[in-house]
**Student:** 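Before I ask anything, here is the structure I am working with.
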Amino acid sequence: MVYKLVKGTSDIIFNIENWRYLEEKAKELCSIYGYKEIRTPIIETAELYRRSVGQYTDIVSKEMYAFFDKAERFIALRPEGTAGVVRAYIENKIYSGNRITKWYYIGPMFRYERPQAGRSRQFHQFGVEVFNCSDPMLDAEIIALGMKYFDSIGLYDVKVELNSLGDVESRKKYIAALVSYFEKYEKSLNEDDRRRLQINPLRVLDSKDRKVKELLATAPKITSYLNEKSQTYFLKVLAYLDALDISYEVNPYLVRGLDYYQDTVFEFVASLGSNNKVCAIGGGGRYDKLVLQLGGPDVAGVGFGIGLERVLLSLTRSFLDKGITCYIIPLEEKVRLFCFKLLFLLRENNIRTDIAFENKKLKNNLKTALNLKAKFALIIGEEELREDAVQVKDLKTKIQEKVARTKLVSFLRVGLINEK
Ligand code: HAM
């Protein structure tokens with residue numbers, strides 16, 4: 001019996017260098033922008049997501065991995081990062097310092113979705129969340145951070161789409177107008193959209209139905225319903241983006257699939273690899289009432305989540321495994337102790353080195369060295385042991401020379417510098 005992966009999950013084995021690169025770049029950039037890392041648990045109470053993401057959203061009502069633990073607590077595997085980070089912010093009373101808190105995280109999320117390219121049941125997000133600051137400059141900062149991130153990994157064709165959902169007051173008025181518009185066409189709506197219109201009307205803007213999409217062309221747009229405060233706020237966000245020369249498209253139908261947003265919402269859009277399907281590789285927005293809603297003080301929040309699987313699918317370049325520097329090949333049993341000590345001497349000097357563990361033919365060991373992408377093979381036989389020396393073979397030029405063990409480290413360093 002061969003055990004198989006759970007559907008919608010994957011092992012990360014062969015492109016691990018790409019993953020590490022994406023993660024390291026995120027960390028590097030976040031530290032430049034003043035964001036600290038936060039790690040929250042993968043399990044949280046299911047109720048946390050119902051209260052924040054929203055009970056009628058697809059994420060909570062259809063896609064959440066939720067179960068009762070042995071003590072009958074209703075637990076969920078996190079479908080997204082924001083709710084857990086907000087819980088941690090409140091539970092640890094981070095707000096008591098009354099400072100701006102800037103956090104980032106990288107980790108797995110879980111949604112029971114139908115797997116396809118760019119959609120899996122376990123996926124990874126790089127996200128940021130910022131608390132206690134309702135300056136539109138910050139909305140622009142995080143959008144810029146996302147774009148800078150894509151730039152730094154060589155993903156240049158990303159577009160920003162954004163919209164404002166307004167504050168509670170603006171949204172109420174807009175929802176009323178939207179409902180009365182669609183009620184006129186109720187008969188043309190399918191059952192799903194009719195239900196959406198009743199329990200969460202903004203979701204209708206997300207409908208995939210062709211007829212609804214047509215109707216949207218003449219439907220009221222949220223941008224015309226923003227009150228002065230929300231409108232001014234949105235215009236300021238746009239002005240800050242303009243100041244950074246970040247191009248964007250205002251998409252009045254962008255509502256996002258999570259309920260906690262208000263004012264600014266945005267998505268990073270790119271085409272996914274070979275099938276060229278254009279989709280969101282990241283998204284985020286403001287959630288100024290979420291901390292309050294989850295039992296904390298009235299503290300503003302804003303953030304984004306970027307799906308790393310989708311980023312990898314969009315990337316056409318790959319970051320190659322750098323390989324090792326040296327591969328030590330002992331030619332006979334009696335030199336192995338000498339080689340073993342040499343292995344650790346080189347590692348102590350930060351030279352990436354490995355050794356041929358088992359006695360094999362020189363030819364086979366040289367092949368292994370090439371597979372490991374080694375730059376040098378260090379070949380040691382009885383003569384080298386006697387002379388306290390090493391045969392250094394440059395695996396690219398094939399030039400081989402004998403080097404005294406005591407000079408080996410500086411010899412290799414010169415070789416590596418020349419190569420650069
Ligand atoms: P989201 O739009 O649900 O937002 O997810 C963000 C990103 O996660 C998506 O744009 C996509 O790249 C990736 N993603 C989502 N579902 C899947 C999946 N099944 N397979 C692969 N990738 C997926 C959030 O999660 C919010 N928490 C973002 C946020 C942070 N808003 C404010 N702060």
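Every number for a ligand or one of its atoms is a count from 1 in the order of the listing.
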**Student:** Counting each atom of ligand 1 from 1 as listed, which ones have a heavy atom of Gly282 under 4.0 Å away?
**Tutor:**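 The list of qualifying atoms is 10 (O), 12 (O).
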
**Student:** Once the angle between the rings of Phe376 and Phe411 is folded into 0 to 90°, is it parallel (under 30°), tilted (30 to 60°) or perpendicular (over 60°)?
**Tutor:**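 Geometry flag for Phe411 against Phe376: tilted rings.
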
**Student:** Set out, in order, the CA-CA distance, both residues' side-chain angles and the distance that settles salt bridge (charged side-chain N to carboxylate O under 4.0 Å, His left out) for Arg39 and Glu37, then state yes or no.
**Tutor:** CA-CA 7 Å; Arg39 299 185 188 187; Glu37 185 174 3; 2.8 Å; yes

**Student:** Between the candidates Phe123, Tyr260, Phe304, which shows the shortest non-hydrogen contact distance to atom 17 (C) of ligand 1?
**Tutor:**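 Heavy atom nearest to atom 17 (C) of ligand 1 belongs to Phe123.
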
**Student:** How close does the nearest protein non-hydrogen atom get to atom 27 (N) of ligand 1, and which residue and atom is it?
**Tutor:**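 Nearest neighbour among protein heavy atoms for atom 27 (N) of ligand 1, to 0.1 Å: Glu80 OE1, 2.6 Å.
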
**Student:** Answer with side chain, backbone, both or neither: which part of Arg256 has a heavy atom less than 4.0 angstrom from an atom of ligand 1?
**Tutor:**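 It is the side chain that touches ligand 1; the backbone stays farther off.
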
**Student:** When you measure from atom 21 (C) of ligand 1 to every protein heavy atom, which one gives the shortest distance, and what is it?
**Tutor:**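 Here the closest protein heavy atom is Gly118 O, 3.3 Å.
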
**Student:** Which protein heavy atom lies closest to atom 19 (N) of ligand 1, and at what distance to 0.1 Å?
**Tutor:**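 Residue, atom and distance for the closest contact: Glu113 OE2, 2.6 Å.
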
**Student:** With atoms numbered from 1 as shown, which atoms in ligand 1 lie under 4.0 angstrom from a non-hydrogen atom of Gly284?
**Tutor:**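 Every atom of ligand 1 under 4.0 Å from some heavy atom of Gly284: 31 (N).
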
**Student:** Quickly, which of Glu24, Glu23, Glu17 forms a salt bridge (charged side-chain N to carboxylate O under 4.0 Å, His left out) with Arg20? Name it, please.
**Tutor:**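 It is Glu24; the other options fail the test.
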
**Student:** Dump the intermediate steps for side-chain hydrogen bond (donor to acceptor under 3.5 Å, both in side chains) on Tyr56 and Arg203, then the final yes or no.
**Tutor:** CA-CA 10 Å; Tyr56 299 117; Arg203 284 281 105 71; over 6 Å; no

**Student:** Within the structure, does Gly81 bring an N/O atom to less than 3.5 angstrom of an N/O atom in ligand 1?
**Tutor:**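 No, Gly81 has no N/O under 3.5 Å of an N/O on ligand 1.
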
**Student:** Run the contact test for Glu309 against ligand 1 with a 4.0 Å cut-off on heavy atoms, strictly below, and give the result.
**Tutor:**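 Per 4.0 Å heavy-atom rule, Glu309 does not contact ligand 1.
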
**Student:** Evaluating non-hydrogen atoms only, which member of Tyr287, Phe126, Tyr261 is closest to atom 29 (C) of ligand 1?
**Tutor:**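 Among Tyr287, Phe126, Tyr261, the closest heavy atom to atom 29 (C) of ligand 1 belongs to Tyr261.
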
**Student:** For the residue pair Tyr287 and Phe131, does the interplanar ring angle fall in the parallel (under 30°), tilted (30 to 60°) or perpendicular (over 60°) class?
**Tutor:**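 Judged by the thresholds at 30° and 60°, the geometry between Tyr287 and Phe131 is perpendicular.
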
**Student:** Judging by distance only, is a nitrogen or oxygen of Glu129 under 3.5 angstrom from one on ligand 1?
**Tutor:**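 Yes.
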
**Student:** What residue and heavy atom of the protein are closest to atom 8 (O) of ligand 1, and at what distance?
**Tutor:**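 Residue, atom and distance for the closest contact: Gln125 NE2, 3.1 Å.
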
**Student:** Does the pair Glu267 and Arg256 meet the rule for a salt bridge (charged side-chain N to carboxylate O under 4.0 Å, His left out), with working shown?
**Tutor:** CA-CA 8 Å; Glu267 276 181 354; Arg256 314 262 306 118; 2.9 Å; yes

**Student:** Ile281 heavy atoms, cut-off 4.0 Å: which ligand 1 atoms fall inside?
**Tutor:**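 Once the distances to Ile281 are compared, the set is 10 (O), 12 (O).
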
**Student:** Looking at residues at least two apart in the chain, or sitting in another chain, which of them share a side-chain hydrogen bond (donor to acceptor under 3.5 Å, both in side chains) with Gln125?
**Tutor:**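 Applying side-chain hydrogen bond (donor to acceptor under 3.5 Å, both in side chains) to Gln125 gives none.
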
**Student:** In the structure I gave you, are the side-chain heavy atoms of Leu372 and Thr368 within less than 4.5 Å of one another anywhere?
**Tutor:**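 Sidechains of Thr368 and Leu372: in contact.
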
**Student:** Please list the nearest protein heavy atom to atom 3 (O) of ligand 1 with its residue and the distance rounded to 0.1 Å.
**Tutor:**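 The closest one turns out to be Arg111 NH2, 2.9 Å.
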
**Student:** Of the backbone atoms (N, CA, C, O) and the side-chain heavy atoms from C-beta on, which set of Leu258 has a member under 4.0 Å from an atom of ligand 1: side chain, backbone, both, or neither?
**Tutor:**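 Leu258 to ligand 1: side-chain contact only, backbone stays beyond 4.0 Å.
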
**Student:** Do the ring centers of Tyr104 and Tyr33 come within less than 6.0 Å of each other?
**Tutor:**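 Centroid distance Tyr104-Tyr33: not below 6.0 Å, so no.
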
**Student:** May I ask you to check whether Tyr65 and Phe67 place their ring centres under 6.0 Å from each other?
**Tutor:**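 Here the rings of Tyr65 and Phe67 have centres that are no less than 6.0 Å from each other.
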
